[in-house]
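Note: hydrogens, waters and symmetry copies are ignored here, and every other heavy atom, side chains too, is used.
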Amino acid sequence: MLPPAGRFANLIVASTLYHVILACLIARDSRFDGPSLLVLNARRAQMAALYEPLSQAADSPFAATIEYPDVAGSKPVRERALGTWLARLDDSVRAERVVVFTDLTPELQLLCRRAERRGARTFCAEDGGIAYSWLSAASPWKRHWQRVVRFGPWIQNVPSSGSSRHVQTYLALHAELVRPELKRKPVWSLQAAALPDLLSSSWIGRFLAHYDTSPAYLVCDEVYAPANLLDVEACERLRTRLAREIGAARQAGCDCVVKYHPRSQGDFLGAARLGARVLPAAIPVELVYLASRERLRRVIGDRGTTLLSARWLAPHAQAVSALEL
């Protein structure tokens, strides 16, 4: 059963825990006054582990949390089914504001298009590093034209989340630095200081417990968060250099943590052998920043979200790009 109309001022759709962290900022922002409904895409293991704790938490920043329906079948079948479900949700809730974190997929463009046409304000919040880079996230043209056939000519093949015409306003932690496509519409700065104490919340505690860990286990002097590299030679170069960095840090007495990308396979850095702690890949590195506080002295990431959120949550730490190494 879908929530009734009039109960929520904001409808927020999230697919990663980083999205949820930013959604906490949005839910506490005076520009988004009123109760918020959070919709989770729980197909990923990380989000499935988060859904029950968050939906049941008395200290949740959201008035309610629901999940996408479990749709089987091919990707085109799921896109059509989720587009229909999101359209029904929008018709039912009729929120004043709709917030997504990507408009690359047709079902979320459909949600924003329908919401805009009935008079709601549509927003896209940053999905990490792509908001500040030159990389294109556009689909291959064959896939795009298949989506046009399934959904209609209004579907856009956009290079960056938030740049479709169905999104009116963009939300970013570093509003002045977003890529040119996003500057063609209003860009609002997220109020980074409004983040609640996540590590004391019951739902984050239950999420960490699901992975047999705790906030204390996340505390470290250095954190390494390598990208998910598909190129074999690049992966070997990264492994060689970061293994050297971890070894030197351990010899200097530093407590080191490695947090792999969720799609990475195994401990390819050999970090455990070097004496570093390897965290479950589903735990976002942002929780390491919050747990370590002033103790954290160095963050090594790549070109993505890791270093951006380090400047927000651990501004005292040295942020190093592995691309430079």
Test log, rule side-chain contact (heavy atoms from CB on, under 4.5 Å), inputs Leu238 and Phe268: CA-CA 10 Å; Leu238 185 69; Phe268 76 85; 4.2 Å; yes
Working for side-chain contact (heavy atoms from CB on, under 4.5 Å), residues Ser160 and Leu182: CA-CA 8 Å; Ser160 174; Leu182 302 175; 4.1 Å; yes
Chi angles and distances behind the side-chain contact (heavy atoms from CB on, under 4.5 Å) call for Val99, Leu11: CA-CA 6 Å; Val99 183; Leu11 171 62; over 6 Å; no
Stepwise side-chain contact (heavy atoms from CB on, under 4.5 Å) check, Cys124 with Val100: CA-CA 5 Å; Cys124 185; Val100 299; 4.2 Å; yes
Glu286 and Ser309: CA distance, side-chain angles, deciding distance, side-chain hydrogen bond (donor to acceptor under 3.5 Å, both in side chains) verdict: CA-CA 7 Å; Glu286 287 76 22; Ser309 56; 2.7 Å; yes
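Both Tyr211 and Leu279 sit in one connected hydrophobic cluster of ILVMFWY residues. Membership requires side-chain heavy atoms under 4.5 Å apart, directly or through other members. At a threshold of 4.5 Å between side-chain heavy atoms, the hydrophobic network of Ile, Leu, Val, Met, Phe, Trp and Tyr places Leu108 and Ile66 in one connected group. With hydrophobic clusters built from ILVMFWY side chains whose heavy atoms lie under 4.5 angstrom apart, Leu86 does not share a cluster with Leu110. By the criterion of side-chain heavy atoms lying less than 4.5 angstrom apart, applied directly or through intervening Ile, Leu, Val, Met, Phe, Trp or Tyr residues, Val257 is not grouped with Ile246; the two fall into different hydrophobic clusters. Val219 and Tyr289 fall into different hydrophobic clusters, defined by Ile, Leu, Val, Met, Phe, Trp and Tyr side-chain heavy atoms under 4.5 Å apart, directly or through other members.
Side chains of Ser202 and Asp59: a donor-acceptor N/O pair is present below 3.5 angstrom, by distance only. Residues Ser164 and Gln109 have side chains that never bring a donor and an acceptor to within less than 3.5 angstrom of each other. Using modelled atom types, one finds no donor on one side chain facing an acceptor on the other under 3.5 Å when comparing Arg147 with Thr105. Looking at Asp103 and Ser161, their side chains never bring a donor and an acceptor atom within 3.5 Å of each other. For the residue pair Glu126 / Tyr170, no side-chain donor-acceptor distance below 3.5 Å is found, with atom types taken as modelled. Using a 3.5 Å distance cut-off with no hydrogens or angles, the side chains of Thr16 and Arg44 do not pair a donor with an acceptor. Side-chain atoms of Tyr224 and Arg298 include a donor-acceptor pair closer than 3.5 Å.
Side-chain atoms of His144 do not come within 3.5 Å of backbone N or O of Ala138 as any donor-acceptor pair. At least one donor-acceptor pair closer than 3.5 Å links the side chain of Ser201 to the backbone N or O of Leu198. Although no hydrogens or angles enter the test, the distance criterion places a donor-acceptor pair under 3.5 Å between the side chain of Arg277 and the main chain of Tyr217. No side-chain donor-acceptor contact under 3.5 Å links Arg121 to the backbone of Thr169. The closest donor-acceptor contact from the side chain of Thr240 to the backbone of Arg237 lies at 3.5 Å or more, if one exists at all. A side-chain donor-acceptor contact under 3.5 Å links Asn10 to the backbone of Phe32. Ser200 places a side-chain N or O within donor-acceptor distance of the main-chain N or O of Asp197, the cut-off being under 3.5 Å.
Note on Asp267 versus Arg273: no salt bridge recorded, every NZ/NE/NH1/NH2 to OD/OE distance being 4.0 Å or above. A salt bridge is defined here as a Lys NZ or Arg NE, NH1 or NH2 lying under 4.0 Å from an Asp or Glu carboxylate O, and Arg78 with Glu107 fails to meet this definition. Salt bridge annotation for Asp255-Arg295: present, with a cationic side-chain nitrogen under 4.0 angstrom from a carboxylate oxygen. Under 4.0 Å is where a charged nitrogen must lie from a carboxylate oxygen, and between Glu236 and Arg239 at least one such pair does.
Atom CG of Leu296 and atom CG of Leu313 lie 10.5 Å apart (nearest 0.5 Å). Rounding to the nearest 0.5 Å places CG of Leu38 at 4.5 Å from OG1 of Thr65. With values rounded to the nearest 0.5 angstrom, Glu67 atom CD is found 8.0 Å from Ser55 atom OG. Here OG1 of Thr102 is found 9.5 Å from CD1 of Ile130. Values are rounded to the nearest 0.5 Å. Considering CD of Gln146 and CD1 of Ile155, their distance stands at 13.0 Å, rounded to 0.5 Å. In this structure, Ser133 OG and Leu177 CG are separated by 12.5 Å, a value rounded to the nearest 0.5 Å.
Around CZ of Arg117, the count of heavy atoms belonging to other residues, nucleotides or ligands within 6.0 Å does not exceed 12. At most 12 non-hydrogen atoms from other residues, nucleotides or ligands lie less than 6.0 angstrom from CH2 of Trp145. Within a 6.0 Å radius of CZ in Arg297, no more than 12 heavy atoms belonging to other residues, nucleotides or ligands are found. Residue Asp70 qualifies as open at atom CG: its count of foreign heavy atoms under 6.0 Å is 12 or below. Under a cut-off of 6.0 angstrom, the local environment of CD in Glu233 is sparse, with at most 12 non-hydrogen atoms contributed by other residues, nucleotides or ligands.
Side-chain atoms of Leu195 and Leu290, non-hydrogen and from C-beta on, do get closer than 4.5 Å to each other. Contact annotation: the side chain of Arg94 never approaches that of Phe8 to less than 4.5 Å [non-hydrogen atoms, C-beta and beyond]. The closest side-chain heavy-atom distance from Leu218 to Thr213 is below 4.5 Å. Residues Leu274 and Leu269 have side chains not in contact (no heavy-atom distance under 4.5 Å, counting atoms from C-beta outward). Between Thr305 and Val285 the shortest side-chain heavy-atom distance does not fall below 4.5 Å. When side chains are defined from C-beta on, Arg88 counts as touching Trp85, because their heavy atoms get closer than 4.5 Å. Taking 4.5 Å as the limit, some side-chain heavy atom of Phe207 sits within range of a side-chain heavy atom of Leu17. Between Tyr68 and Val13 there is a side-chain heavy-atom pair separated by less than 4.5 Å.
Closest approach of Lys259 and Ala281 over heavy atoms only: NZ-O, 3.0 Å. Ala276 and Val258 make their closest contact through CB-CG2, 4.2 Å (heavy atoms, listed as atom of the first residue, atom of the second, distance). In this structure, Leu308 and Gly129 approach most closely via the heavy-atom pair CD1-CA, 3.5 Å. Closest heavy-atom contact between Lys185 and Gln168: CB-O, 3.6 Å. Val187 and Ala175 make their closest contact through CG1-CB, 3.7 Å (heavy atoms, listed as atom of the first residue, atom of the second, distance). When all heavy atoms are compared, the tightest approach of Leu190 to Ile26 is CD2-CG1, 3.9 Å.
Taking the six-membered ring wherever Trp is involved, the centroid distance between the rings of Trp312 and His174 does not fall below 6.0 Å.
Because its NZ or CZ atom is not both nearer than 6.0 Å to the ring centre of Tyr132 and within 45° of the ring axis, Arg179 does not count as a cation-pi partner of that residue. Figure legend: Arg80 and Phe151 shown as a cation-pi pair, the cationic atom lying under 6.0 angstrom from the six-membered ring centre and within 45 degrees of its axis.
Using the six-membered ring where Trp is involved, Phe101 and His19 have ring planes that are parallel, under 30° apart on the 30 and 60° scheme.
For the pairing with Arg114, the side-chain hydrogen bond (donor to acceptor under 3.5 Å, both in side chains) check across Asp91, Thr122, Asp90 returns one residue only, Asp91.
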